[in-house]
Amino acid sequence: MPIKISLPDGSAKLYDQPVSALRVAEDISPRLAEAALCAELEGALVDLEHIIDHDAKLVLHTFKTETGKDIYWHSTAHLMAQAVKQLFPEVKVTIGPAIEQGFYYDFDRDKPFTEEELEQIEERMAFLAKQNLPYARKEISKAEAMEVFAKMGEDYKLEILGEIPDTDVISTYTQGDFIDLCRGPHLPHTGKIKAIKLLKSSGAYWRGDEKNKMLQRIYGISFPSLKELDQYLEFLKQAALRDHRKLGKDLDLFSINEDIGPGLVLWHPNGAMIRHLIETYWKEEHLRRGYKLVYTPHVGRANLWETSGHLGFYKENMYAAMDVEGADYYIKPMNCPFHIAIYNSNLHSYRELPIRLGELGTVYRYERSGVLHGLMRVRGFTQDDAHIICTPDQLNDEVEKLIVFSLDMLKHFGFREFLIYLSTMPDEAVGDPADWDTATQSLRASLEKIGLEYQVDAGGGAFYGPKIDIKIKDALGRAWQCSTIQFDFNEPTRFNMHYIGADNAQHRPFMVHRAILGSVERFFATLLEYHSGNLPHWLAPVQMMILPITEAQLPYARKLEEDFRLKGLRCEVDSRSEKIGYKIRDAELKKIPFMCVIGKKEEESGTLTLRQHTVGDLGAMSFEDVLSRVLSDS
RNA sequence: GCUCAAGUAGCUCAGCAGGUAGAGCACCUCCUUGGUAAGGAGGAGGUCAUCGGUUCGAGUCCGAUCUUGAGCUCCA
């Protein structure tokens with residue numbers, strides 16, 4: 001009875017006796033056999049050496065698939081551990097997984113690895129790679145494994161082994177003189193690893209717990225060719241140029257001042273203009289969708305925060321109380337208690353619901369000094385916050401509208417790729433688990449109805465309710481949370497919120513917290529990085545620079561400036577006594593979307609010559625043409 | 001908060017066998033009035049993050065503090 005191996009393209013191969021995955025690859029094409037890194041058999045990942053002895057679906061992974069990259073980098077991590085053990089035998093190995101871009105391995109060592117040592121390790125890795133050492137899998141019992149790693153003094157491996165059930169089969173992978181506890185699979189041999197770069201080293205706690213010992217982590221990346229490595233290093237270089245902290249300085253958008261305090265942002269005129277444009281658009285969109293805008297204070301009495309539960313659940317993120325005539329006041333870390341107070345200031349009928357209260361509310365949270373990062377992570381920031389108070393049967397509809405609203409708004413700013421997460425009940429939570437389940441299902445149903453791909457973050461919800469988060473990526477591909485839609489079981493009860501139902505009885509409303517941009521600061525940073533500072537022209541602080549060729553055109557330039565401004569265009573005149581090339585260069589570096597060159601010709605013919613940032617000369621056109629072109633949204 | 005690294009003019013950086021600071025750009029003045037990414041000359045600008053120590057003498061060595069960066073942990 002032949003063995004039938006089904007392939008992803010729908011075809012199949014028949015074999016009379018068991019074959020290795022590699023053999024199947026060879027039979028498909030020699031090139032595939034060369035490129036193949038590991039195999040997936042009926043959804044389970046296995047080595048290429050794995051012998052297939054029954055009918056099965058087979059997928060071969062190369063460096064082109066995520067799984068292929070994963071295996072490739074994981075094997076490189078093992079190679080790094082081998083090199084480190086050879087060079088520094090006293091070091092203990094711990095764990096070394098593949099990550100989104102590369103891999104790391106944590107080592108227990110007294111002192112950090114220096115740059116020179118990283119180079120040494122990198123060289124040793126290249127040397128070992130060239131030897132084509134096979135990654136040999138071996139399955140042993142837990143007892144045997146304990147003995148092997150105890151003999152080597154690898155305490156961390158023993159700790160990991162200790163948590164594996166006694167009956168499980170343990171696998172080890174050995175390449176050359178290095179043996180590691182590992183589930184696998186791995187590359188067939190080290191020779192597949194052609195280009196290696198160790199990027200940085202830093203401290204990392206064992207198992208990510210700051211109570212544990214700090215280990216030395218080395219990050220690296222590898223590729224099947226030098227060309228791909230060079231491309232990646234070039235990408236890192238380009239990403240650094242798009243860093244919002246650099247752009248913020250270059251374009252004079254914002255600063256953070258040591259004397260004022262870390263994590264506290266100063267918005268310069270150009271940055272403030274962009275923020276104003278974002279916020280104006282935000283307000284208009286919210287009014288269009290039935291939101292009511294509110295304003296609330298920055299501080300509130302201790303009693304308020306006790307009622308809300310923040311002093312119980314959120315105190316470590318709040319700043320110390322300030323004394324006002326003997327009463328404690330806290331600066332707000334969230335806006336919700338204030339919005340609830342507005343709701344509670346009146347009696348509400350079910351006919352009024354849903355009520356949607358929105359505010360660009362500035363909050364202050366204590367963040368540990370080590371986590372601050374440009375505008376991405378600060379101590380004072382403005383949330384585009386809103387609270388939706390609705391009846392239980394309005395919930396699904398509201399959540400759905402919210403998801404659509406969020407995506408629409410993010411798309412309007414140019415974003416196209418989103419990571420969506422559904423976060424469920426954490427260990428420490430308030431509310432009835434049955435309610436949690438209902439709300440979580442509602443969030444899930446909305447996501448599925450709209451047809452969005454999402455990941456479940458089990459236990460990642462807030463203490464007060466489950467949530468949907470939408471993240472967007474920065475220049476380096478790091479994801480930052482923007483939109484968040486959070487269900488709240490906590491505060492409606494604590495603040496005794498209610499509405500009068502059709503039955504003339506009091507009912508508890510449902511409440512949803514939500515932010516679309518997240519924080520204006522973080523959103524602004526991701527926006528800058530996404531567009532490399534070349535903002536869509538509706539967001540540019542200066543949309544057009546008027547450049548007179550000589551001082552003789554200055555009066556005409558001033559007149560145009562005024563005319564354009566009256567039409568709602570943000571423009572300025574570069575009146576310096578410099579050559580046109582110099583003024584163009586300057587406007588280009590400032591990433592101003594349009595330049596309007598005014599010379600003798602233009603003044604006499606009444607036309608304008610337009611130039612677009614990064615595009616170049618667009619030729620002569622009329623005042624109206626320039627206007628419509630510059631004011632268009634795209 | 002933890003580990004490591006760094007902090008010199010508005011910006012980017014040089015200076016480090018310890019002998020009281022330098023470049024380019026930006027800025028100001030003057031000359032030049034020039035058609036699509038830098039015209040020329042001159043000038044001004046720094047208690048070398050802060051505080052303390054070692055030394056005849058410290059940007060340079062040591063310590064503490066503050067801030068920044070890369071991670072860890074945590075989050076909008």
Side-chain angles (χ1 to χ4, degrees), chain A residues 104 106 111-115 199-219 240 243 245-246 249-250 252 255-263 314 316-317 333-334 361 363 365-385 460 462 467 469-471 476 480-484 486 513-523 525-526 547-554 576-590 595-602 609-619:
Chain A
Y104 68 78
D106 287 344
K111 52 186 183 196
F113 291 98
T114 63
E115 299 247 335
L199 297 162
K200 59 199 167 199
S201 69
S202 69
Y205 301 106
W206 167 236
R207 308 219 139 156
D209 188 335
E210 62 191 0
K211 291 185 196 81
N212 288 339
K213 184 167 183 186
M214 184 164 274
L215 308 169
Q216 301 304 326
R217 175 173 296 181
I218 303 177
Y219 286 90
D243 190 312
R245 292 165 300 183
K246 176 173 167 50
K249 210 178 263 179
D250 290 351
D252 196 15
S255 62
I256 291 168
N257 181 303
E258 188 173 332
D259 290 331
I260 291 168
Y314 207 70
E316 68 279 13
N317 286 298
M334 291 190 194
V363 298
R365 296 181 186 175
Y366 167 68
E367 298 286 353
R368 304 212 283 177
S369 56
V371 305
L372 300 174
H373 180 88
L375 295 184
M376 294 288 191
R377 194 73 184 274
V378 290
R379 286 182 173 156
F381 58 98
T382 299
Q383 290 185 305
D384 67 313
D385 208 355
K467 58 176 185 167
D469 292 329
I470 302 177
K471 298 186 184 187
L476 276 172
W480 292 93
Q481 181 171 318
C482 284
S483 309
T484 184
Q486 309 186 344
H513 307 250
R514 46 111 285 181
I516 291 178
L517 310 179
S519 88
V520 177
E521 285 74 6
R522 178 179 291 180
F523 182 76
T526 42
L547 312 176
I549 302 266
T550 76
E551 278 167 21
Q553 285 85 44
L554 206 47
R576 294 175 299 181
S577 134
E578 296 289 351
K579 287 189 172 180
I580 193 66
Y582 182 92
K583 294 180 187 177
I584 286 173
R585 176 181 157 79
D586 209 50
E588 288 283 353
L589 290 176
K590 284 182 181 154
M595 289 144 268
C596 190
V597 178
I598 305 298
K600 202 171 168 188
K601 278 188 293 185
E602 286 79 4
T609 298
L610 195 63
R611 179 189 166 99
Q612 190 171 0
H613 173 53
T614 69
V615 175
D617 196 349
L618 299 178

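Lettering of chains follows the sequences in order, A, B, ..., and the numbering in each one begins at 1. As the structure is a computational prediction, the values presented were derived from the model and not from experiment.
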_Treating A:Asp617 as the side-chain partner and A:Arg611 as the backbone partner, does any N or O pair qualify as donor plus acceptor under 3.5 Å?_
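No; judged by distance alone, with no hydrogens or angles, the pair does not exist.
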Partner nucleotide, any strand, of [N] [Watson-Crick/G-U, under 3.5 Å]:
N: B:rU20; value: none
N: B:rG7; value: B:rC66
N: B:rU36; value: none
N: B:rG46; value: none
N: B:rC74; value: none

Using the [atom1] atom as the reference point in each nucleotide, state the distance between [N] and [M] in Å, no decimals.
N: B:rU55; M: B:rG19; atom1: C1'; answer: 12 Å
N: B:rC2; M: B:rC16; atom1: P; answer: 34 Å
N: B:rA21; M: B:rG34; atom1: P; answer: 45 Å
N: B:rA70; M: B:rG52; atom1: P; answer: 32 Å
N: B:rU54; M: B:rG45; atom1: P; answer: 34 Å
N: B:rC11; M: B:rC72; atom1: C1'; answer: 32 Å

Distance, rounded to the nearest Å, where [X] contributes [atom1] and [N] contributes [atom2]:
X: A:His373; N: B:rG69; atom1: NE2; atom2: P; result: 7 Å
X: A:Lys246; N: B:rC11; atom1: NZ; atom2: P; result: 12 Å
X: A:Asn317; N: B:rU73; atom1: CG; atom2: C1'; result: 13 Å
X: A:Tyr366; N: B:rU73; atom1: OH; atom2: P; result: 17 Å
X: A:Trp480; N: B:rC75; atom1: CH2; atom2: P; result: 13 Å
X: A:Asn212; N: B:rC72; atom1: CG; atom2: C1'; result: 12 Å
X: A:Glu367; N: B:rC74; atom1: CD; atom2: C1'; result: 7 Å

*Which residue, A:Glu210 or A:Lys249, contacts RNA chain B at a nucleotide closer to its 5' end, judged by nearest heavy atom?*
A:Glu210
*Considering heavy-atom distances to RNA chain B, does A:Ala204 or A:Gly374 have its closest nucleotide positioned more toward the 5' end?*
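Nearest-nucleotide comparison on RNA chain B picks A:Gly374.
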*Do A:Glu578 and A:Arg585 sit within salt-bridge range, that is, some charged N less than 4.0 Å from a carboxylate O?*
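Result for this pair is no, no salt bridge flagged.
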List, with names and distances, any nitrogen or oxygen atoms from the protein found under 3.5 Å away from nitrogen or oxygen atoms belonging to nucleotides 2-10 of chain B.
unit_1 : atom_1 : unit_2   : atom_2 : d
B:rC2  : O4'    : A:Tyr205 : OH     : 3.4
B:rC2  : O2     : A:Tyr205 : OH     : 3.2

*Would you classify A:Leu547 as touching base, sugar-phosphate or nothing, given that sugar-phosphate means primed atoms plus P, OP1 and OP2, and contacts are heavy atoms under 4.0 Å?*
nothing
_Please identify which of these residues, A:Val597, A:Val615, A:Leu618, meets the side chain to side chain contact (heavy atoms under 4.5 Å, CB included) condition with A:Leu610._
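For A:Leu610, the side chain to side chain contact (heavy atoms under 4.5 Å, CB included) check succeeds only for A:Leu618.
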*asked:* Given the structure, check if the side chain of A:Arg368 and the base of B:rC75 hold any donor-acceptor pair shorter than 3.5 Å.
replied: no
Measuring to OP1 and OP2 of [N], would you say a side-chain N or O of [X] lies under 4.0 angstrom away?
X: A:Arg245; N: B:rA70; answer: yes
X: A:Lys467; N: B:rA76; answer: yes
X: A:Lys200; N: B:rG69; answer: no

*Could you run through nucleotides 26-43 of chain B and give me one letter per nucleotide, 5' to 3': B if any protein heavy atom sits under 4.0 Å from the base, S if only the sugar-phosphate is that close, - if neither?*
SS----BBBBBBBB----
